[in-house]
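First comes the structure, then the notes that go with it.
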Amino acid sequence: HGTEGDVKKPLAGLPDFNHDNPEVLDYFISNVKSWIQEGKVTNIRMDTVKHVESKFWHYFRAQIKGEFPDTFLLGEVLCEGKDDVSKLLEYQNYHDFDSIFDFPLCTALRSTFIYDQSLKEWLARPRLHPDEQPGILDQDNPFKGGYRDPNKLVTLLDNHDLQKRITSHARTKHPGEGEGLEWAIRVTKLCLGALFTIRGIPQIYYGTEIGLEGWKNGSEDQDLRRDFPWESIGADHLPKTEFAKERDIFLWTQKLIELRKKTPALKYGTTITLWSDDLFYAFLRIASDDVALVAINNGYQDMPAPVSIPLNLDIIPERVRDTILSNLKEWRSQQTIETSNGMPQLQVPGKEIQIYTKV
């Protein structure tokens, strides 16, 4: 809970405990300890972090992380804005969480791929001059006030707390059947493609893998928690063919998961922005000998001509450049990258993502 003067703020109708009370504090720390010892719990999601009194976190960090240093602690701090990274960082550093939910990236992916805002303003600046406003991914450097370890952030497209599921946002932007539905599916798949290639640990809210919809109605969130439509799933555990939208999004998500599992660069590689403008974003993921190159066209039209992507050897090792030019293939088409004058030539269809990985 939180307090304002002597008046307590409500916490969504939930029981409100005073974690400054030593009995309450001791009870919950002992409770978490029993989960770890008796339940063999290895990962703990701590809810509504900013509504818990600070004294609790001081004791919690000392006792739980002290006795069980390998326990992975994930903090939920619902700060969604582009400029909220510094707020999240305070919670991460003060409470010593291993990870927090990357709600600002969630907002960025929705704002760009669904609602067509600028990629260079939301995701990563083009680095043409020093006065550019940073995008979300530009704030990953801990030496410049960024996250301690951005690869450990839990990334997401939607959950039970937000206003709409991602497919409902897509349907708001692209209503109707026929062409409207086709675009909604396309941008939903683009969001998923970005989620599984951008740094972090992707989280899928149940139903997002089949394009399940849901909206919050004021403070009521029942529709965001609607039952999973099991009638759409066949005996082979795939969406039935008559559920075309669900099957399309599911198979796409399944392939992305398979690709990420076998590609170290996408799981934990360093991120390097190669190119960024309003509609096009290209970036590298590098993990030792593994390399992946990702290109996104956020426009509705296919790119009329390829973009030449410079490979700056001041920031990219020569062996990585050589791998890009000779040893990467697009994950679906298996086409190699066209090159000219030592630069990749990238040409991406509208509202699509291309992912190039090692042969």
Side-chain angles (χ1 to χ4, degrees), residues 119-120 123-130 132 134-144 146 149-152 155 190 192-202 255-277 279-299 302-349 352-359:
L119 296 178
K120 71 179 182 182
L123 287 181
R125 64 186 183 91
R127 295 172 175 81
L128 298 177
H129 59 82
E132 297 163 348
I136 296 299
L137 300 178
D138 295 316
Q139 301 180 61
D140 282 353
N141 189 341
F143 295 102
K144 296 183 178 181
D149 187 351
N151 279 358
K152 284 187 177 180
T155 56
L190 177 56
L192 285 161
L195 181 72
F196 278 91
T197 54
I198 288 175
R199 91 293 183 266
I201 305 169
K255 290 173 183 176
L256 285 169
I257 293 171
E258 291 172 355
L259 178 68
R260 185 182 173 88
K261 281 184 174 180
K262 67 182 183 182
T263 309
L266 295 180
K267 286 193 289 186
Y268 50 79
T270 301
T271 301
I272 297 176
T273 292
L274 295 176
W275 182 284
S276 137
D277 59 32
L279 297 178
F280 185 67
Y281 180 44
F283 62 97
L284 279 179
R285 302 291 307 278
I286 305 171
S288 189
D289 292 332
D290 196 49
V291 178
L293 188 155
V294 182
I296 296 173
N297 175 8
N298 199 37
D302 296 352
M303 293 169 62
V307 171
S308 298
I309 304 297
L311 299 177
N312 185 350
L313 291 180
D314 289 336
I315 57 174
I316 299 171
E318 187 173 352
R319 65 171 181 81
V320 171
R321 183 200 62 181
D322 294 343
T323 297
I324 294 169
L325 296 177
S326 62
N327 203 26
L328 296 185
K329 286 188 176 181
E330 213 281 323
W331 71 306
R332 291 168 297 166
S333 69
Q334 290 299 295
Q335 294 294 311
T336 56
I337 296 178
E338 297 291 331
T339 64
S340 177
N341 297 320
M343 292 185 288
Q345 306 291 296
L346 301 178
Q347 188 172 8
V348 186
E352 283 198 12
I353 183 171
Q354 289 182 346
I355 308 167
Y356 294 87
T357 58
K358 287 185 71 172
V359 178

Whether the side chain of [X] engages the backbone of [Y] through a donor-acceptor N/O pair (distance < 3.5 Å, no angle test) should be reported.
X      : Y      : result
Asn141 : Gly146 : no
Gln335 : Glu330 : no
Asn327 : Lys358 : no
Asn341 : Met343 : no

For [X], enumerate each residue passing the side-chain hydrogen bond (donor to acceptor under 3.5 Å, both in side chains) test, keeping only those at least two apart in sequence or located in another chain.
X      : answer
Gln354 : Tyr356
Asp277 : Trp275
Asp140 : Arg199

Going by heavy atoms in the side chains, are [X] and [Y] under 4.5 Å from each other?
X      : Y      : result
Leu346 : Leu293 : yes
Leu256 : Ile355 : yes
Phe196 : Val294 : no
Ile353 : Val348 : no

Task: Any residue meeting ring-ring contact (aromatic ring centres under 6.0 Å, His included) with Tyr281, in chain and number order, not counting sequence neighbours - done: Phe283
TODO: Take atom CD of Gln347 as the centre, draw a 6.0 Å sphere, and report whether it contains more than 12 heavy atoms from other residues, nucleotides or ligands.
DONE: yes
Task: Reference residue Val320; test side-chain contact (heavy atoms from CB on, under 4.5 Å); the match among Leu284, Leu313, Ile315 - done: Leu284
Task: side-chain contact (heavy atoms from CB on, under 4.5 Å), paired with Ile198, selected from Leu137, Ile136, Thr155, Thr271 - done: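 In the set Leu137, Ile136, Thr155, Thr271, the residue that makes a side-chain contact (heavy atoms from CB on, under 4.5 Å) with Ile198 is Leu137.
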Open item on the list: Which residues pass the side-chain contact (heavy atoms from CB on, under 4.5 Å) test with Lys267, not counting sequence neighbours?
Closed with: Arg260
Task: Partner residues of Leu325 under the side-chain contact (heavy atoms from CB on, under 4.5 Å) criterion, sequence neighbours left out - done: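 Partners of Leu325 by the side-chain contact (heavy atoms from CB on, under 4.5 Å) criterion, ordered by chain and then number, come out as Leu311, Arg321, Thr339, Pro344.
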